[in-house]
Amino acid sequence: MELTAQQLRGFDGSDESKPIYVAIRGAIYDVSSGKGFYGPGGPYAVFAGREASRALAKMSKSEEDVCGDLDGLSDKELGVLADWENKFQAKYPVVGRLAS
C-alpha cells in the first residue's frame, strides 16, 4: 500500500474504525496496538498519521519537527532515529510506504 502524506493524516486515531499509522523514513507502521501512546490524548499522539522521522531523531514533540526532512541532523540524531526505527520494526507491522 502506498499513501500520500495527506492520506496518512486520516490514520491519526481520531476515527476509531481506522488503524493508527506512523511513518518513519517512508515506511508506514501500524501502531494501533500502542493506542495508549499514539491515540488521541496519548503522549505521542502528535506523531499519529504523520511522517515522524525528524521529530524522533531530535527527541522532539514540536509540531515543526514532525516531518520526514532529515537535512541538517547530526550523526548522533541519525543514530537516535535508527534506534527508534529498530524499536518500531520489532514492535509494529509495516503496512506500506509513504508516496514521495
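Since this is a predicted model, take the numbers as computed values, not measurements.
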**Q** For the atom pair CG (Leu56) and CD (Glu51), what is the distance rounded to the nearest 0.5 Å?
**A**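 Here the rounded value is 8.5 Å.
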**Q** Do Leu8 and Val46 share a hydrophobic cluster, counting only Ile, Leu, Val, Met, Phe, Trp and Tyr and linking them when any side-chain heavy atoms are less than 4.5 Å apart?
**A**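 In one cluster: no.
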**Q** Give me the one residue out of Tyr38, Phe11, Phe88 that meets ring-ring contact (aromatic ring centres under 6.0 Å, His included) with Tyr29.
**A**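 With Tyr29 as partner, ring-ring contact (aromatic ring centres under 6.0 Å, His included) holds for just one option, Phe88.
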**Q** Could you verify whether a donor N or O on one side chain and an acceptor N or O on the other, from Thr4 and Gln6, lie under 3.5 Å apart?
**A**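 Side-chain D/A pair, Thr4 to Gln6: absent.
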**Q** Measuring from atom CE of Met1 to atom CG of Leu3, what distance do you get when rounded to the nearest 0.5 angstrom?
**A**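 So the CE of Met1 and the CG of Leu3 are separated by 4.5 Å.
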**Q** Between Arg50 and Asp12, is there a side-chain heavy-atom distance shorter than 4.5 Å?
**A**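 Sidechains of Arg50 and Asp12: no contact.
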**Q** Heavy atoms, side chains only, cut-off 4.5 Å: are Val80 and Met59 in contact?
**A**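 Side chain of Val80 against side chain of Met59, heavy atoms only: contact under 4.5 Å found.
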**Q** Taking all heavy atoms of Ala45 and all of Gly39, pick out the closest pair and write down the distance.
**A**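 For Ala45 and Gly39, the tightest heavy-atom pair comes out as CB-O, 3.2 Å.
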**Q** Identify every side-chain donor-acceptor pair in residues 16-25 under 3.5 Å, counting partners at least two apart or on other chains, and give the distances.
**A**
residue	atom	partner	partner atom	Å
Ser17	OG	Asp15	OD1	2.6
Ser17	OG	Asp15	OD2	3.4
Arg25	NE	Glu85	OE1	3.2

**Q** CG of Asn86: more than 12 outside heavy atoms within 6.0 angstrom?
**A**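 Atom CG in Asn86 is crowded, with more than 12 foreign heavy atoms closer than 6.0 Å.
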**Q** Any chance NZ of Lys87 has more than 12 other-residue heavy atoms, nucleotides or ligands included, within less than 6.0 Å?
**A**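 More than 12 within 6.0 Å, yes.
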**Q** Indicate, with yes or no, if Val95 and Tyr44 share a hydrophobic cluster defined by side-chain heavy-atom contacts under 4.5 Å among Ile, Leu, Val, Met, Phe, Trp and Tyr.
**A**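 Looking at the clustering, Val95 is in a separate group from Tyr44.
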**Q** Using a 4.5 Å cut-off on heavy atoms from C-beta on, say whether the side chain of Pro43 contacts that of Phe37.
**A**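 In short, these two side chains touch, coming nearer than 4.5 Å.
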**Q** Is it possible for you to say whether Tyr92 and Val66 belong to one hydrophobic cluster, with membership spreading through side-chain heavy-atom contacts below 4.5 Å?
**A**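 Yes: a chain of side-chain contacts under 4.5 Å links Tyr92 to Val66.
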**Q** Looking only at heavy atoms, what is the nearest atom pair of Ser53 and Gly68, with distance?
**A**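 Closest approach of Ser53 to Gly68, heavy atoms only: CB-CA, 4.3 Å.
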**Q** Mind checking whether Leu81 and Leu98 sit in one hydrophobic cluster, side chains of I, L, V, M, F, W, Y counted as touching below 4.5 Å?
**A**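 No; tracing contacts between hydrophobic side chains, which count when under 4.5 Å, never links both residues.
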**Q** Hydrophobic cluster membership, with links at side-chain heavy-atom distances under 4.5 Å among I/L/V/M/F/W/Y: are Ile28 and Phe47 in one?
**A**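 No, separate clusters.
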**Q** Can you sort out the partners of Asp83 under side chain to side chain donor-acceptor pair (under 3.5 Å), two or more places apart, ordered by chain and number?
**A**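 So Asp83 forms no side chain to side chain donor-acceptor pair (under 3.5 Å) with any residue.
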**Q** Could you check whether any side-chain N or O of Arg54 sits under 3.5 Å from a backbone N or O of Asp71, counting only pairs where one atom can act as donor and the other as acceptor?
**A**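 At least one qualifying donor-acceptor pair exists.
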**Q** Could I get the full list of salt bridge (Lys or Arg N to Asp or Glu O under 4.0 Å) partners for Lys58, not counting sequence neighbours?
**A**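 Expected list: Asp65.
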